[in-house]
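If you read the sequence from its start, that first residue is 1, and numbering goes on from there. Counting convention: from 1, in listed order, for ligands and their atoms alike.
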Amino acid sequence: MNSELEDEKIMMDWTCYSHSYDLMAENNPAYQEILDCYAKTISQLNLNTSSVVADIGGGTGNFSIMTAKVYPDCRVLYYDFNSTMLRFAKDKAVKEGIRNIEFGIHDFDLCPSNSQKFSLIVCIHSIYTMKNPLGLIKLIYEMLSPGGHVFACDLGRTLNIMDWTKYIFSSLRGTHGMVHALKILLKGREVARANYDISKLQKSGQFWLHELDDFIYAFTNCGFEIGEAKKMYRGYSDLVFAQKPMLKGN
Ligand SMILES: C[S@@+](CC[C@H](N)C(=O)[O-])C[C@H]1O[C@@H](n2cnc3c(N)ncnc32)[C@H](O)[C@@H]1O
């Protein structure tokens, strides 16, 4: 590791980020695109009432809530290791009257998971933060039932803060006007701070950097069959939608 970065002892403060996370999510069209793509993709799966869905590193719950809306009769199990993220997610679900999400604290760096098998696992912008990202992809394979799907979108390239600030500002100015755009940007300065920490951790090698081909390989190497793979989040992230093969004879 770069000694200058080691001296700085950067730690990702997910608790601090949780307070401004949804301000980023609501005002970032590139994030909304992932959410839309997820909703369209999963609505074609025709999950039944016995299906169980996991959201790994669920953050403020946007993907769990979307899953619960598309499939109100399925169980959705939300997992995150940060209790403040979980609280934001739970409060939002309660406000929206959603009852089919179960919230759990779980650190995927420390222990695998229970023996529950899932029909679908969603993992957005969390894999790259784990101590063993390839291990997590293997674990996702094990957690799925045969024929189960994974929808994973993961930040692979180093965040360029100036590039994102300009992008968000120009999108905000288009919808809210200059003054309001500046106000939102100021209110969301914790987002820029969090992104700065993420970029430092990426540069120091503590957060996984990958290209689309590496990301696809990580899934095929475990046995997944790729349904769709593309860059998202303005080319910063990689998306894989893949299936664990059915058991032979099915
Ligand atoms: C960038 S946020 C993404 C949140 C959400 N998936 C979304 O896209 O809105 C990453 C999340 O992963 C969680 N996380 C990071 N490492 C984790 C671990 N080892 N186990 C469980 N959750 C983890 C963080 O607490 C944070 O909520």
(message) Within the 4.5 Å heavy-atom criterion, are Asn28 and Trp164 side-chain neighbours or not?
(response) yes
(message) Whether Arg234 and Asp163 form a salt bridge (side-chain N of Lys/Arg under 4.0 Å from carboxylate O of Asp/Glu) is what I want to check.
(response) yes
(message) If only side-chain N and O atoms count, and only distance matters, is there a donor-acceptor pair under 3.5 Å linking Asn62 with Lys92?
(response) yes
(request) Identify the protein heavy atom lying closest to atom 21 (C) of ligand 1, giving its residue, its atom name and the separation to 0.1 Å. (result) His106 O, 3.1 Å
(message) Please report the interatomic distance OH(Tyr78) to CE(Met85), rounded to the nearest 0.5 Å.
(response) 7.5 Å
(request) Determine whether the side chain, the backbone, both or neither of Met130 has a heavy atom under 4.0 Å from any heavy atom of ligand 1. (result) side chain
(request) Before accepting this row, confirm whether a basic side-chain N of the pair Arg193/Asp13 lies closer than 4.0 Å to the acidic partner's carboxylate O. (result) no
(message) Does either side chain, that of Asn48 or that of Asp73, offer a donor lying less than 3.5 Å from an acceptor on the other one?
(response) no
(request) Would you mind checking which non-hydrogen protein atom is closest to atom 4 (C) of ligand 1, with the distance to 0.1 Å? (result) Gly57 O, 3.4 Å
(message) Out of all atoms in ligand 1, which are within 4.0 Å of some heavy atom of Thr129? Include the element for each.
(response) 15 (C), 16 (N)
(request) Using a 4.0 Å heavy-atom cut-off, say whether Tyr31 meets ligand 1 through its side chain, its backbone, both or neither. (result) side chain
(message) At under 4.0 Å between heavy atoms, is it the side chain or the backbone of Phe63 that contacts ligand 1, or both, or neither?
(response) side chain
(message) Please list the nearest protein heavy atom to atom 20 (N) of ligand 1 with its residue and the distance rounded to 0.1 Å.
(response) Phe108 N, 3.0 Å
(message) Between His210 and Asp154, do the side chains contain a donor N or O and an acceptor N or O under 3.5 Å apart?
(response) yes
(request) Can you pull out the closest protein heavy atom to atom 10 (C) of ligand 1? Residue, atom name and distance to 0.1 Å, please. (result) His125 O, 3.4 Å
(request) Can you sort out which atoms of ligand 1 are near Met85, meaning under 4.0 Å from one of its heavy atoms? (result) 27 (O)
(message) Please list the nearest protein heavy atom to atom 22 (N) of ligand 1 with its residue and the distance rounded to 0.1 Å.
(response) Phe81 N, 3.3 Å
(request) Could you tell me which atoms of ligand 1, counted from 1 in the order shown, lie closer than 4.0 angstrom to a heavy atom of Asn82? (result) 25 (O)
(message) Between Lys69 and Glu96, does any side-chain N to carboxylate O distance fall below 4.0 Å?
(response) yes
(message) Under the side chain to side chain donor-acceptor pair (under 3.5 Å) test against Asp238, which residue among Lys231, Arg157, Lys230 passes?
(response) Arg157
(message) Testing the basics here: between Ala152 and Phe215, what is the closest heavy-atom pair and its distance to 0.1 Å?
(response) O-CE2, 3.7 Å
(request) Look at atom 12 (O) of ligand 1 and say which protein heavy atom is nearest, naming residue and atom and giving the distance to 0.1 Å. (result) Ser126 OG, 3.5 Å
(request) Decide whether Ser64 and Asp55 meet the rule of one side-chain donor and one side-chain acceptor closer than 3.5 Å. (result) yes
(request) Return the residue, atom name and 0.1 Å-rounded distance of the protein heavy atom closest to atom 19 (N) of ligand 1. (result) Asp107 OD1, 2.9 Å
(request) Provide the number and element of each atom of ligand 1 under 4.0 Å from a heavy atom of Gly59. (result) 4 (C), 27 (O)
(request) Flag the pair Asp91 and Lys95 as a salt bridge only when some basic side-chain nitrogen lies within less than 4.0 angstrom of an acidic carboxylate oxygen. (result) no
(request) Decide whether an N or O pair under 3.5 Å exists between Asp80 and ligand 1. (result) yes
(message) Contact between ligand 1 and Tyr79 is defined here as a heavy atom of the residue under 4.0 Å from a ligand atom; is it met?
(response) no
(request) Looking only at distances, please establish whether an N/O atom of ligand 1 is found under 3.5 Å from an N/O atom of Asp109. (result) yes
(request) Flag Trp14 as yes when one of its N or O atoms lies below 3.5 Å from any N or O atom of ligand 1, and as no otherwise. (result) no
(request) Please identify which atoms of ligand 1 are closer than 4.0 Å to at least one heavy atom of Ile124. (result) 3 (C), 5 (C), 6 (N), 8 (O)
